[in-house]
Amino acid sequence: MTRDSLRVAALSVTVLVLAVVGADPAAAQTATGAGADVSLNNGLPREAQGITVEQNLGDSIPTNLPLTDSEGRPIKTGYVFNGKLPTIVTLNYSNCPMLCSVQLNKLTESLNELDLKLGEDFQVLTVSIDPQESTQRAAETKQKYLADLPNQPGAAQGWTFATAKQPIITRLTDTLGFRYRYDSANKQYNHPAMLAFVSPTGVITRYSLSIDFPPDQLKLAIVEAGEGNVGSTVDQFILWCYSYDPDSNSYTPHAWRIMRLCGLGFIGAMLAALVPYWAGRKGGPGSSGDPDATDTPVPAGDTPTDEPPTEPPAS
């Protein structure tokens, strides 16, 4: 193989490697041919930088933000955050090519398996981040997901799809810490997947930042957002035994609380076993409180009676 052939082969391998890792082959050819150093782009592409969620736990969503629901009615965020039910808030848009559909499909799957009732125990608010989205398009999207919720008969009233103007979208996304960007080249929005769990008065209590929402995790987040007014006593107890782990983005058993509960259970079991024993000791012979009482047995022939002694017969 000639020297020129070796150079061509080496250049081809370099271009192939750079193409696999995401660099521009044409630029790599130019740089290699000119003898310059080639640096690999191992970071996030510009379009993905800053696409994240800042978890503003404890912040409140303003109740005066104007929206338009899927039926064309003007409403405000206070229509949803009215002090009655906790709310799951999602930010999506109907023309999203992939992520929104995947996210909402997973959400409807979990809602179908949930024993809490949409519209009775909690509600959902989906606001489009596309200011150009029409009311008709939002209505079509709502009907699409309602058809996938046969186990939630109250979904039509409990799930609100809404559109808004850009200044309102900006205020809402800033409050929720939802960072997204419009990609003008591809004419789409680059955005993260997010569920925000909000109390009945609009306070952000929890986030979920994954695509998949297991029903048990979804229920715990709703019960937590309900501030003690959602779910049964058992649900409240289970929530008390769990804590949220931000690293795993899920609720995990709270070891200290479970240990304390086991300790209390052990003490309760001991008391349940010992109390009857103590009660039996107090109720036994000589426990009546009579100071003259004795535990000494009386011989059978010496049993005292109340009858006077019999006089011997006269001789």
Side-chain angles (χ1 to χ4, degrees), residues 22 44-56 61 65-73 75 77 80 87-112 118 122-149 152 155-156 158-198 204 206-214 217-218 221 249:
L44 290 173
R46 185 185 65 83
E47 294 80 5
Q49 294 177 0
I51 307 303
T52 185
V53 175
E54 300 171 5
Q55 300 190 39
N56 297 330
I61 297 177
L65 301 182
L67 307 171
T68 302
D69 71 7
S70 56
E71 297 182 14
R73 298 174 300 186
I75 61 173
T77 44
V80 178
T87 304
I88 302 173
V89 177
T90 78
L91 298 175
N92 305 95
Y93 70 108
S94 295
N95 293 331
C96 182
M98 183 175 64
L99 181 58
C100 292
S101 297
V102 173
Q103 179 192 14
L104 294 180
N105 283 334
K106 289 292 185 180
L107 177 59
T108 52
E109 288 179 11
S110 292
L111 291 176
N112 251 338
L118 180 54
F122 69 100
Q123 53 195 346
V124 181
L125 171 63
T126 296
V127 179
S128 174
I129 59 175
D130 180 5
Q132 303 301 320
E133 183 165 326
S134 66
T135 299
Q136 180 180 356
R137 188 73 177 93
E140 293 171 354
T141 303
K142 178 175 181 176
Q143 291 304 315
K144 170 187 175 183
Y145 292 106
L146 290 185
D148 296 330
L149 287 172
Q152 292 289 355
W159 194 340
T160 301
F161 281 73
T163 59
K165 297 184 181 299
Q166 186 59 59
I168 304 305
I169 297 173
T170 300
R171 285 194 62 188
L172 184 58
T173 55
D174 285 348
T175 301
L176 290 167
F178 185 88
R179 304 304 177 197
Y180 70 106
R181 181 182 293 110
Y182 181 68
D183 183 356
S184 56
N186 296 314
K187 296 182 179 180
Q188 66 184 38
Y189 290 89
N190 298 320
H191 64 90
M194 180 207 75
L195 294 184
F197 297 87
V198 183
I204 304 168
R206 190 62 59 202
Y207 286 85
S208 178
L209 306 180
S210 61
I211 296 296
D212 192 19
F213 316 110
Q217 297 288 314
L218 196 66
N249 193 37

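Closest of all the heavy-atom pairs between Leu118 and Leu149 is CD2-CD1, 4.4 Å. Minimum interatomic distance between Leu99 and Pro192 (heavy atoms only, all atoms of both residues): CD2-C, 4.0 Å. Closest non-hydrogen pair, Ala162 versus Leu125, comes out as CB-CD1, 4.5 Å. The shortest non-hydrogen separation linking Ile169 to Ala164 is CD1-O, 3.5 Å. Residues Leu146 and Ala155 share a closest heavy-atom pair of CD2-CB, 3.5 Å. In plain terms, the two heavy atoms of Ser70 and Ala139 that are nearest each other are O-CB, 3.4 Å.
The shortest side-chain heavy-atom distance between Leu176 and Ile61 falls under the 4.5 Å cut-off. In this structure the side chain of Leu111 reaches within 4.5 angstrom of the side chain of Leu218, judged on heavy atoms. Taking the side chain as every heavy atom from C-beta outward, Leu91 and His191 never approach each other to under 4.5 Å. In this structure the side chain of Tyr182 reaches within 4.5 angstrom of the side chain of Lys187, judged on heavy atoms. For the pair Ile168/Pro66, a side-chain contact is recorded, criterion being any heavy-atom separation below 4.5 Å from C-beta on. Contact of the Val124 side chain with the Thr126 side chain is registered, since non-hydrogen atoms from C-beta on lie closer than 4.5 Å. In this structure, the side chains of Leu107 and Leu195 come closer than 4.5 Å at one or more pairs of heavy atoms.
In this structure, the ring of Tyr93 has its center less than 6.0 angstrom from the ring center of Tyr189.
The local environment of CD in Gln136 is sparse, with at most 12 non-hydrogen atoms from other residues, nucleotides or ligands closer than 6.0 Å.
The closest donor-acceptor contact from the side chain of Asn186 to the backbone of Gln188 lies at 3.5 Å or more, if one exists at all. Of the possible polar contacts, one joining the Asp69 side chain to the Arg73 backbone as a donor-acceptor pair under 3.5 Å is found. A donor-acceptor contact shorter than 3.5 Å is absent between the side chain of Asn92 and the backbone of Ile129. With hydrogens and angles ignored, the 3.5 Å screen pairs a side-chain donor or acceptor of Asn56 with a backbone N or O of Thr175. Thr141 places a side-chain N or O within 3.5 Å of a backbone atom of Arg137 that can act as its donor or acceptor partner. In terms of modelled atom types and a separation under 3.5 Å, the side chain of Gln103 and the main chain of Met194 share a donor-acceptor contact. Judged by distance alone, the side chain of Ser210 and the main-chain N or O of Asp212 form a donor-acceptor pair under 3.5 Å.
No side-chain donor from either of Glu133 and Thr163 sits under 3.5 Å from a side-chain acceptor of the other.
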Quick one, Ile88 with Phe122, criterion side chain to side chain contact (heavy atoms under 4.5 Å, CB included). Give me CA distance, side-chain angles, the key distance, then yes/no. CA-CA 8 Å; Ile88 302 173; Phe122 69 100; 4.1 Å; yes

The test is side chain to side chain contact (heavy atoms under 4.5 Å, CB included); show your working for Lys144 and Ser101 and say whether it passes. CA-CA 10 Å; Lys144 170 187 175 183; Ser101 297; 4.0 Å; yes

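Shown here are the side-chain hydrogen bond (donor to acceptor under 3.5 Å, both in side chains) partners of Thr173, two or more places apart in sequence or in another chain: there are none. For Phe161, the ring-ring contact (aromatic ring centres under 6.0 Å, His included) partners two or more places apart in sequence, or in a different chain, are Trp159. When the side-chain contact (heavy atoms from CB on, under 4.5 Å) test is applied to Pro167, the partners found at least two apart in sequence or on another chain are Lys165.
Atom CG in Asp183 sits 9.5 Å away from atom CD1 in Ile51 (nearest 0.5 Å). Between the CZ atom of Phe213 and the NZ atom of Lys106 there is a distance of 10.0 Å, given to the nearest 0.5 Å. Atom-to-atom distance recorded for Tyr145:OH and Leu104:CG is 4.5 Å, nearest 0.5 angstrom. Here OG1 of Thr160 is found 6.0 Å from NZ of Lys142. Values are rounded to the nearest 0.5 Å.
Salt bridge annotation for Arg179-Asp174: present, with a cationic side-chain nitrogen under 4.0 angstrom from a carboxylate oxygen.
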